Amino acid sequence: MQTYLEGLNEQQLAAVQHIDGPLMIVAGAGSGKTKVLTTRIAHLMNSGVDAFNILALTFTNKAAAEMKERVEKALGNTEARNLYIGTFHSVFARILRSEANKLGYPNNFTIYDTDDAKSVIKGIVKDMNLDDKHYKPAYIYNRISAAKNSLLDPAKYRADTFVQEEDTRSHRPLIADIYDQYARRCFRNGAMDFDDLLFKMHTLLHEYPDALAKYQGRFSYILIDEYQDTNHAQYEIIKMLGARNENICVVGDDAQSIYSFRGATVQNILQFKDDYDDVRVIKLEQNYRSTQTILDIANSIIGNNKNQIPKELWTSNDEGEKIMLARTMTDNDEGRFVADSIKEQQMRNHYANKDFVVLYRTNAQSRSFEESLRRQNIPYKLVGGTSFYQRKEIKDYLAYLRIIVNPQDEENLKRIINVPTRGIGKTSIDKISVRANELDVTFWETIANPDIEGFRSANTDNFVMMINNFRTMLEKENAYDVAFFVGKHTGLVKDLYNDKSVEGIARYENVQELLNSIKEFTETPDEEGELHDKTLGSYLQQITLLTDADQDKAEDADAVKLMTIHAAKGLEFPCVYVVGMEENLFPSAMSLYDRSDLEEERRLFYVAVTRAKEKLWITYANSRYRFGSLVQNDPSRFISEVPPRYVDTTFTGTSNTGTPQRSNTGNLFNKQSFDKVPSLKKLADKLSAPKPAAHNPSPDFVPDDVSTMDAGMQVEHQKFGYGKILSLEGAPANRIATIEFGGGHGTKKIMLNYAKLRIVG
DNA sequence: TGATGCTAACTTTTT
DNA sequence: GTTAGCATCA
């Protein structure tokens with residue numbers, strides 16, 4: 001027996017040794033899924049399959065990198081370099097890059113991230129003279145994204161009666177037009193958004209039989225990780241790619257499906273058996289990760305969901321400790337509690353920093369933990385969140401690099417045409433846009449092509465000359481040299497260097513970090529072990545698809561990790577804190593009115609719990625600051641799904657009064673009254689507030705239940721003082737009141753979920 | 001045209 | 001509590 005096969009259990013071994021034909025591995029949390037996938041790849045290669053013919057698709061770059069590394073280790077040679085392993089998006093981007101001309105795109109097409117895409121949409125909404133309060137770019141982006149993930153192009157979108165009815169019902173009948181415009185504009189800009197990478201890949205395979213044949217032949221063995229998170233477009237692509245050989249192996253766990261908001265459908269995994277003849281199904285049900293207690297809790301939680309593939313996860317691990325449940329007064333106390341608890345665990349049990357993770361539902365929750373960890377001098381690492389690449393200075397820098405590679409890209413061109421200022425302001429930009437539309441040419445053509453009656457001035461001529469100058473470097477110089485040159489000659493780097501404010505220094509450092517990462521890219525050998533394609537074009541192609549979670553070797557650093565539960569999928573930690581377990585937060589307020597949404601939130605909780613190997617804490621706060629004002633929430637309903645026998649009831653948490661509080665599952669749901677003491681800073685802010693009409697809330701101000709409010713009532717607002725509700729609108733979950741205030745505040749529209757109101761009469 | 005300061009809108013989750 | 005976008009002033 002091969003050494004790499006040692007230590008596998010019966011099911012794992014069966015999965016690894018299955019070679020030809022469709023295979024579905026239902027892999028419960030912690031059941032050794034990655035091990036099976038990587039070992040199977042190693043085994044395929046050992047059985048004579050050429051690495052070049054193996055395609056493995058994952059959802060994160062990190063998972064891909066890990067897979068590659070582990071295969072290499074199992075094989076003990078470098079053949080693994082020839083594997084085609086990557087995320088759906090990066091693998092398809094790479095293929096599309098070489099086939100772009102078939103679809104009428106430049107090879108150096110730009111990849112738009114969500115912000116870029118929304119900005120294009122915003123421009124269209126504006127050009128169509130629509131109200132962007134109603135036609136919100138984010139909403140439209142989601143509609144378009146969903147359409148692409150369902151493989152609906154603009155024409156099909158318009159023709160689909162169900163989709164049209166939805167748009168009519170939401171009073172946004174023109175989305176089809178916007179989608180149509182959006183697709184045209186992206187095409188004209190030589191740009192693809194995230195969803196296009198799937199959508200166009202499908203188009204390529206569907207409409208170009210030679211391309212289909214080529215990739216069917218190339219990828220004779222296909223493995224897909226996290227299959228429960230694939231959407232319809234991905235499903236169809238996989239089906240086409242695998243049709244010739246049907247050597248498709250999917251791995252997934254329906255209980256961990258948490259990406260339906262991105263179009264993922266559990267149906268894909270539930271139906272897999274019916275999609276192919278003779279599907280081999282192997283279930284991995286032994287958990288090697290967690291204690292018996294943690295696993296029991298997880299099983300108990302997921303048992304509340306209706307739709308599942310039946311399976312029972314078990315472990316031979318020790319029972320372990322009971323989990324700990326802590327209630328704190330505020331979100332800040334929650335932060336303090338977690339930091340104190342980590343400190344205590346480290347002293348008592350000698351855990352390293354990297355043994356801890358704090359998991360939350362939304363990125364915005366990270367603040368209180370960052371602050372408290374910093375105060376305790378505990379090193380921490382924030383994973384995900386506002387991406388490095390979303391910072392202004394980085395986006396500007398990248399915008400330059402993008403238009404050098406692809407000057408068609410109007411979005412990025414407009415972004416930097418006047419950065420640093422060079423006398424091409426809003427007026428000029430508008431004039432250029434108008435002229436471009438009249439001539440039906442790109443924005444760049446309008447200022448750069450001397451053969452047409454475009455728009456030119458001394459300022460634009462200088463700009464064009466500069467960009468053209470940069471462009472001449474593309475062929476000969478590598479990404480770093482071009483980028484460095486650009487920074488120098490545009491004055492971008494110098495301007496930041498001269499800015500000695502705190503933010504300015506940070507921005508300068510960020511830009512340096514960007515340059516370092518480009519340098520690193522140019523110096524890292526690619527798959528073939530060579531410094532092949534180290535051009536700027538190839539750098540940009542991958543950069544948009546990188547997320548912070550992939551960024552650096554986050555795992556290596558000895559620091560406490562802070563991340564969303566979504567970002568934690570696939571990871572494991574000895575000690576896990578699941579925080580912010582409150583109604584409206586987790587489960588999210590958006591998910592309370594739909595059974596399937598709620599079940600997804602529950603799966604998310606399941607994912608959170610199953611990250612823990614040894615110890616688990618669940619915390620929640622009585623009240624927390626949201627949008628600057630204090631909000632009270634009930635404890636999450638999910639807490640009551642944790643069987644009390646697994647919860648340590650002698651355990652004590654902390655409160656802001658300094659009195660330890662007994663956390664007791666028996667009285668968790670008694671709403672406790674507590675002193676509403678505004679923090680000192682808040683008080684100081686209020687006292688020094690220069691605003692003449694600032695309202696001091698009554699000392700006994702306690703917000704009332706939103707659902708009891710009605711038109712005609714007199715209310716008190718924390719900031720605007722007393723007023724009368726004129727009318728109510730919106731869904732019960734998100735009611736908006738029009739309120740007439742006194743004290744010169746006038747009539748305001750207030751979202752009742754966020755602003756707190758007290759009924760006066 | 002460009003910098004500055006204020007207000008409104010904002011929070012799911014990510015490739 | 002934060003940030004983007006707008007209005008205002010230089």
Side-chain angles (χ1 to χ4, degrees), chain A residues 57-64 86-93 111-115 117-119 122 132-133 136 138 142 145 148-149 192-198 226 229-231 233-234 258-264 331 359-368 371 384-387 390 392 418-429 459 542 544-550 563-569 580 584-592 597 600-601 603-604 607-608 624-631 679 681-682 685 690-691 719 734 736 748-751 753-755:
Chain A
L57 296 170
T58 65
F59 273 80
T60 63
N61 293 293
K62 207 201 297 179
T87 64
F88 280 89
H89 290 84
S90 67
V91 166
F92 295 168
I111 297 174
Y112 279 167
D113 66 16
T114 310
D115 287 341
K118 282 184 198 158
S119 144
K122 199 167 181 188
D132 68 359
K133 294 265 159 51
K136 286 194 190 120
N142 284 331
S145 170
K148 286 181 184 167
N149 288 328
M192 294 196 199
D193 64 21
F194 287 141
D195 303 309
D196 280 330
L197 296 176
L198 308 180
E226 311 277 15
D229 288 328
T230 51
N231 61 36
Q234 288 162 324
I258 54 173
Y259 279 103
S260 75
F261 69 92
R262 210 165 73 184
D331 46 350
L359 300 178
Y360 36 76
R361 179 65 180 81
T362 68
N363 282 305
Q365 286 164 255
S366 67
R367 168 173 313 285
S368 62
E371 281 174 9
T386 325
S387 163
Q390 282 172 347
K392 285 168 232 65
N418 206 29
V419 180
T421 53
R422 51 173 71 88
I424 312 176
K426 195 178 178 304
T427 335
S428 309
I429 291 177
N459 289 336
Q542 57 144 53
T544 317
L545 299 173
L546 274 189
T547 63
D548 266 11
D550 306 317
M563 64 182 92
T564 63
I565 301 167
H566 282 89
K569 193 151 87 151
N584 297 319
L585 189 57
F586 193 14
S588 145
M590 325 287 291
S591 67
L592 297 182
D597 286 349
E600 177 148 321
E601 295 283 308
R603 289 194 295 271
L604 199 52
V607 168
R624 68 174 59 240
Y625 281 95
R626 255 186 131 178
F627 308 105
S629 61
L630 210 53
V631 177
S679 71
K681 185 177 182 303
K682 285 255 153 188
D685 284 349
K691 288 212 194 79
K719 240 196 209 148
N734 190 19
I736 298 163
K748 298 200 183 283
K749 291 206 165 195
I750 306 248
M751 293 174 81
N753 280 348
Y754 305 124

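Just so it is clear: chains get the letters A, B, ... in the order the sequence lines come, proteins before strands, and each one is counted from 1. All values reported here derive from a predicted model rather than from experimental measurement. In what follows, every heavy atom counts, from backbone to side chain, and hydrogens, waters and symmetry copies are set aside.
- In terms of the side chain to side chain contact (heavy atoms under 4.5 Å, CB included) criterion, residue partners of Ser260(A) (sequence neighbours excluded) are, by chain and number, Glu600(A).
- Among the heavy atoms of the strands, none lies under 4.0 Å from Ser260(A).
- Distances shorter than 4.0 Å separate some side-chain N or O of Lys122(A) from OP1 or OP2 on dG5(C).
- Distance Gln365(A) CD to dT2(C) P: 16 Å, rounded to the nearest Å.
- Side-chain contact between Lys122(A) and Asp132(A) is present, with heavy atoms from C-beta onward closer than 4.5 Å.
- Put simply, CG on Asn142(A) is 11 Å from C1' on dT13(B), counting in whole angstrom units.
- Ser588(A) and Ser591(A) share no side-chain donor-acceptor pair at under 3.5 Å.
- Remark: side-chain polar atoms of Gln234(A) are paired, donor with acceptor, to backbone N or O of Asn231(A) under 3.5 angstrom.
- Each of Phe261(A) and Gly423(A) was assigned the nucleotide of DNA chain B with the nearest heavy atom; the assignment lying further toward the 5' end belongs to Gly423(A).
- In this structure the side chain of Leu604(A) reaches within 4.5 angstrom of the side chain of Phe586(A), judged on heavy atoms.
- Checking side-chain atoms of Asn149(A) against main-chain N and O of Ala233(A) turns up no donor-acceptor pair under 3.5 Å.
- For Lys392(A), counting side-chain heavy atoms from C-beta on, the closest listed nucleotide (dC10(B), dT15(B), dA4(C)) is dA4(C).
- Distances were taken from every side-chain heavy atom of Thr421(A) (C-beta onward) to each of dA3(B), dG1(C), dC10(B); the shortest belongs to dA3(B).
- Proximity of Arg626(A) to the phosphate of dC10(B): no side-chain N or O atom is located under 4.0 Å from OP1 or OP2.
- Across all strands shown, Tyr259(A) has heavy atoms under 4.0 Å from sugar-phosphate atoms exclusively, and none from any base.
- With hydrogens and angles disregarded, a donor-acceptor distance shorter than 3.5 Å links the side chain of His566(A) to the backbone of Ile258(A).
- The nucleotide whose nearest atom lies closest to any side-chain atom of Thr114(A) is, among dA3(B), dT15(B), dG1(C), dT15(B).
- Between the P atoms of dA4(C) and dT13(B), the separation comes to 15 Å (whole Å).
- Distance CG (Leu585(A)) to C1' (dT11(B)): 9 Å, rounded to an integer number of Å.
- Asn459(A) places a side-chain N or O within donor-acceptor distance of the main-chain N or O of Gly423(A), the cut-off being under 3.5 Å.
- You won't find any donor-acceptor pair under 3.5 Å spanning the side chain of Ser588(A) and the base of dT13(B), going by distance alone.
- Candidate nucleotides dT15(B), dA4(C), dT11(B) were compared by shortest atom distance to the side chain of Thr87(A), and dT15(B) ranks first.
- Rounded to an integer number of Å, the gap from Asn149(A) CG to dT14(B) P is 16 Å.
- For the pair Tyr625(A) OH and dT2(C) P, the computed distance is 13 Å after rounding to whole Å.
- Contact annotation for Phe59(A): backbone-only contact, meaning every heavy-atom pair under 4.0 Å involves sugar-phosphate atoms and none involves a base.
- One finds a side-chain N or O of Asn363(A) lying less than 4.0 angstrom from the OP1 or OP2 phosphate oxygen of dT13(B).
- Atoms OH (Tyr360(A)) and P (dT13(B)) sit 10 Å apart, rounded to a whole Å.
- Taken together, the paired segments of DNA chain B that extend over three or more consecutive Watson-Crick or G-U pairs, each closer than 3.5 Å at both contacts, are B:1-10 with C:1-10.
- Comparing atom distances between the Phe194(A) side chain and each of dT14(B), dG1(C), dT15(B) picks out dT15(B) as nearest.
- Rounded to an integer number of Å, the gap from CG of Asp115(A) to C1' of dT3(C) is 12 Å.
- For the pair Lys62(A) NZ and dT14(B) P, the computed distance is 12 Å after rounding to whole Å.
- Here the shortest heavy-atom pairing between Thr58(A) and Ala63(A) reads CB-CB, 4.0 Å.
- Remark: Asn418(A) is in phosphate contact with dG2(B), judged by side-chain N or O atoms under 4.0 Å from OP1 or OP2.
- Each of His566(A) and Gly425(A) was matched to the nucleotide of DNA chain B holding its nearest heavy atom; the match closer to the 5' end belongs to Gly425(A).
- Nearest to the side-chain atoms of Ala364(A) among the listed nucleotides dT11(B), dG2(B), dG1(C) stands dT11(B).
- Nearest to the side-chain atoms of Lys133(A) among the listed nucleotides dT15(B), dT13(B), dA9(B) stands dA9(B).
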